[in-house]
Amino acid sequence: MQPHLRRKDMPMLLSEILRQVPYRGIHFRDCEIREIVYDSRQAGPDTLFVALPGAFSDGHAYVENAYERGARAFLTQREVDLPDDAAVAVTEDSRRALSIAGATFYGHPERELKIVGVTGTKGKTSIAGMLGACLNSAGVKCGTIGTVGAYFDGKVLPTVNTTPESLECMRLFRAMADAGCKAVVMEVSSLGLKAHRVDGITFEAAIFTNISPDHIGGKEHQGFAEYSYWKKQLFHQCKTAVLNGDDPFSSEIIRELTVPYCTYGVEHPADYVAKNIERTRGNRYFGTAFMCESKEGTYPVETAVPGLFSVYNALAAIAVCRLLGVSIDAAAKGLATATVIGRNDCLKVPADYDVIIDYAHNGRSFTALMDTITAYPHNRIITVFGSVGDRAQLRRQEMGEISGERADLSVITTDDPGYEEPEKICREIASFVERSGGVYKIITDREQAVFYALDTAQPGDIVLLLGKGHETAQKIRGEKVHYSDYETVEKYFREKGRVFSREIS
């Protein structure tokens, strides 16, 4: 099959793009479109600007900006005041319309791929990474889309949201299909479902991980009922559901299912069950081993990621692999080396201590990580962390108390302070570390804080760099300032004359 040409090389008529979109035309005239945009700063001649209502801003307020930049075709949710040479299509829901128009514009790449969606409060990123690694290891070329970006064919592309806008999904699907991918694993958030970002996609399989109150309040969800409602919507557009049988919410999903499903778990009977779970430890390696029991038999599995949560994630990956025709043995081979950037990622540093980078940034994730890591043999635990600014203060107390109780040294530093003073945030965290009887040091410059922790580390220590994970920027006074824990560790050892690099696959 010939690769699909980029639309800049092959324009499409506006009427063709909108052929499946219900709309009312104002001054409507057909024209060639080379790009669809929803950010007025990207508008120009031959672009279709789609005005999207949002939680913090409304695209309809920027139609004049798009016009001034040369756009003459507009898809809106209400009438807008533009000169007569602007073709305007008014539709009932511009977000839903964008998903339809984007799929048409990019030649329906979603029909060329087996797409797997992962939803739940925790575990989406890890499952997506582990499943993608399993499929690629088994010869099923696969891309992944989620919080840490889009990965395929050796490329890494940044994404703005956990679940990108529908247009970005189609653009990525097209690039992945053209690169020879046969499957895509993507994180599907409740907010992504609510914003119609995956409308029109039929998922080969949909995975449910677990659920607990999250993203509630403000501009997100009104309450847990709405949050859980949107989680369930993914299972109305899949061919098969893969559910965590140990989470009670799975029974609610099952009551509404009209498609086949399978379950995985540890505590209750399921189609894929983990037995004889053990911690494994090697050179620069914290892992978990277990026996996977299924109707096909019992198979040994070992993950390159520690903790009970990694067992659940591995079981979900195995279940989907079987649905896609990959054997449990082949899936297990992929799991043996699969790691996820910024998620309990143990770096192969040239030192006699361990360095782990993790995204943990609240009390619950801190506790889970500490429970997991402290169960392995170690000398001391050193944490490096901060807390975001301009937010509720509870997490500062939780993280400070947990680190104070569980770590031998807390190095308190900056993590997205926003418009708050980093020193103030650090002192507040320090008060809770001190209250818990912990030892701490405040170093607001995060790079210097990491350097100090690595300088201080002794043989057998575990250094936990927490909060940033995969992120490559600090949010400071309305600006994004480049920063990466990975790059900082690499820089530290480079300055010491010891080579270290973290390859991302």
Side-chain angles (χ1 to χ4, degrees), residues 3-21 23-91 93-110 145 149-150 155 157-161 163-179 195-197 199-200 478-480:
H4 187 90
L5 296 175
R6 287 180 55 82
R7 289 299 165 185
K8 288 180 180 178
D9 301 321
M10 189 170 65
M12 181 179 282
L13 287 174
L14 178 61
S15 60
E16 179 68 9
I17 294 171
L18 300 180
R19 74 178 186 273
Q20 293 182 313
V21 175
Y23 69 90
R24 175 171 58 86
I26 300 175
H27 304 300
F28 193 87
R29 63 182 61 80
D30 222 352
C31 57
E32 288 189 341
I33 298 298
R34 295 179 182 274
E35 199 70 71
I36 302 176
V37 301
Y38 50 85
D39 183 334
S40 64
R41 293 168 295 185
Q42 298 172 356
D46 302 329
T47 61
L48 167 62
F49 176 73
V50 184
L52 300 179
F56 299 99
S57 64
D58 188 341
H60 294 80
Y62 299 95
V63 292
E64 290 183 8
N65 292 354
Y67 181 88
E68 290 171 0
R69 290 177 179 270
R72 293 297 181 268
F74 297 82
L75 179 58
T76 68
Q77 198 166 293
R78 61 175 184 266
E79 291 190 20
V80 291
D81 186 16
L82 288 171
D84 290 350
D85 63 338
V88 181
V90 182
T91 188
D93 187 329
S94 58
R95 284 189 174 276
R96 190 183 298 275
L98 177 63
S99 68
I100 299 170
T104 301
F105 186 68
Y106 284 103
H108 287 286
E110 78 282 6
I145 301 171
K155 301 181 179 68
L157 302 178
T159 53
V160 176
N161 300 307
T163 306
E165 290 289 354
S166 59
L167 183 68
E168 307 312 318
C169 287
M170 291 301 159
R171 185 177 289 138
L172 289 169
F173 292 163
R174 173 46 59 203
M176 291 176 177
D178 288 351
H196 303 295
R197 294 175 191 160
D199 279 13
E479 301 291 332
K480 284 190 175 182

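Counting from 1, the numbers follow the sequence of the chain as shown.
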Note: Y67 and R72 closest approach over all heavy atoms is O-NH1, 2.8 Å
In this structure, CZ of F105 is separated from CD1 of I33 (nearest 0.5 Å) by 8.0 Å
Counting only heavy atoms not in D85, do more than 12 sit closer than 6.0 Å to its CG atom?
yes
Smallest heavy-atom separation, V88 atom then F28 atom, equals O-CD1, 4.2 Å
Correct closest heavy-atom pair for P109 and M170 would be CG-O, 3.5 Å
By ring-ring contact (aromatic ring centres under 6.0 Å, His included), Y62 pairs with (sequence neighbours left out) none
The reported gap from CD in E64 to CZ in F49 (rounded to nearest 0.5 angstrom) is 11.5 Å
Criterion side chain to side chain contact (heavy atoms under 4.5 Å, CB included) on R78 and D58, from CA distance to verdict: CA-CA 11 Å; R78 61 175 184 266; D58 188 341; 3.2 Å; yes
When rounded to the nearest 0.5 Å, the distance separating OG of S166 from OH of Y38 is 8.0 Å
When rounded to the nearest 0.5 Å, the distance separating CZ of R19 from CG of L14 is 12.5 Å
Shortest non-hydrogen pair, A97 vs L75, comes out as CB-CD2, 3.9 Å
When you compare the side chain of R69 with that of T47, does any pair of heavy atoms fall below 4.5 Å?
no
Output for pair (D199 CG, R96 CZ), nearest 0.5 Å, gives 5.0 Å
*For the side chain of T159 and the backbone of P164, is there at least one donor-acceptor N/O pair under 3.5 Å apart?*
no
Neighbour count above 12 (heavy atom, 6.0 Å) for E16 CD
yes
Would you say the side-chain atoms of H60 pair up with the backbone N or O of Q77, donor to acceptor, closer than 3.5 Å? yes
Scanning both residues in full, the closest heavy-atom pair of D93 with H196 reads OD2-NE2, 3.4 Å
* Asked: Do L82 and I26 have side-chain heavy atoms sitting under 4.5 Å apart?
  -> no
Lys/Arg N to Asp/Glu carboxylate O, E168 vs R197, below 4.0 Å = no
Any sub-3.5 Å donor-acceptor pair from R95's side-chain atoms to P53's backbone N or O? yes
Rounded to the nearest 0.5 Å, the CG atom of L172 sits from the CG atom of L167 at a distance of 9.5 Å
D46 side chain vs R34 backbone, donor-acceptor pair below 3.5 Å | no
Note: A51 and T76 closest approach over all heavy atoms is CB-CG2, 4.2 Å
